[in-house]
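In what follows, a structure is listed as structure tokens, so that the remarks can point back to it.
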Amino acid sequence: MSGGHGKKAYEGESITVTFEAERCQHAAVCVNGLPEVFDTRRRPWIQPDGAAADRLAEVIRRCPSGALQYRLADGAR
């Protein structure tokens with residue numbers, strides 16, 4: 001394993017979430033915004049199917065560092 005470096009993808013049914021650990025500022029916008037999707041005590045810590053894709057995309061867009069990104073299953077960003 002690369003020690004948390006690089007971009008990791010978490011694929012859900014209707015949305016894929018990517019996370020770049022080295023960019024994360026630990027502002028906890030994701031964890032506080034959708035704890036049913038983002039839970040650092042769980043592995044994997046991102047569960048894209050834990051909320052509707054539009055809600056998840058909204059929380060990801062609030063990520064201050066851009067460490068979180070998403071791609072909808074239909075290809076939209």
Side-chain angles (χ1 to χ4, degrees):
M1 193 111 204
S2 61
H5 297 297
K7 187 181 282 191
K8 183 159 184 187
Y10 299 84
E11 196 167 333
E13 200 172 301
S14 57
I15 189 170
T16 297
V17 178
T18 58
F19 175 68
E20 286 184 80
E22 64 274 5
R23 289 183 69 179
C24 183
Q25 297 174 351
H26 305 286
V29 171
C30 56
V31 175
N32 293 329
L34 276 176
E36 60 269 41
V37 172
F38 301 98
D39 184 347
T40 58
R41 297 166 302 194
R42 185 177 56 210
R43 293 293 175 260
W45 77 281
I46 300 174
Q47 309 255 333
D49 293 330
D54 59 340
R55 251 183 94 216
L56 180 50
E58 180 186 324
V59 169
I60 290 171
R61 286 192 297 268
R62 287 191 236 137
C63 177
S65 67
L68 289 167
Q69 300 286 318
Y70 69 92
R71 184 178 61 255
L72 297 173
D74 65 8
R77 285 190 175 252

Shortest non-hydrogen contact between Glu13 and Ala73, atoms and distance: O-CB, 3.9 Å

Under the side chain to side chain contact (heavy atoms under 4.5 Å, CB included) test, residues paired with Ala57 that sit two or more places apart: Ile15, Arg61, Tyr70

Pairs where residues 24-45 contributes a residue and the test salt bridge (charged side-chain N to carboxylate O under 4.0 Å, His left out) is met, not counting sequence neighbours: Glu36-Arg55, Asp39-Arg41

Distance-minimising heavy-atom pair for Pro48 and Ile46: CD-O, 3.5 Å

Closest non-hydrogen atom pair between Cys63 and Leu68, with its separation: SG-N, 3.7 Å

Thr18 side chain vs Lys7 backbone, donor-acceptor pair below 3.5 Å: no

Closest non-hydrogen atom pair, Asp49 against Ser14: OD1-N, 4.3 Å

I'd like a table of donor-acceptor pairs (distance under 3.5 Å, sequence neighbours excluded) in which one partner is a side-chain atom from residues 24-34, with atom names and distances.
{"from": "Asn32", "atom 1": "ND2", "to": "Ala28", "atom 2": "O", "distance (Å)": "3.1"}

Audit row: Phe19, Ile60, side chain to side chain contact (heavy atoms under 4.5 Å, CB included) steps and yes/no: CA-CA 10 Å; Phe19 175 68; Ile60 290 171; over 6 Å; no

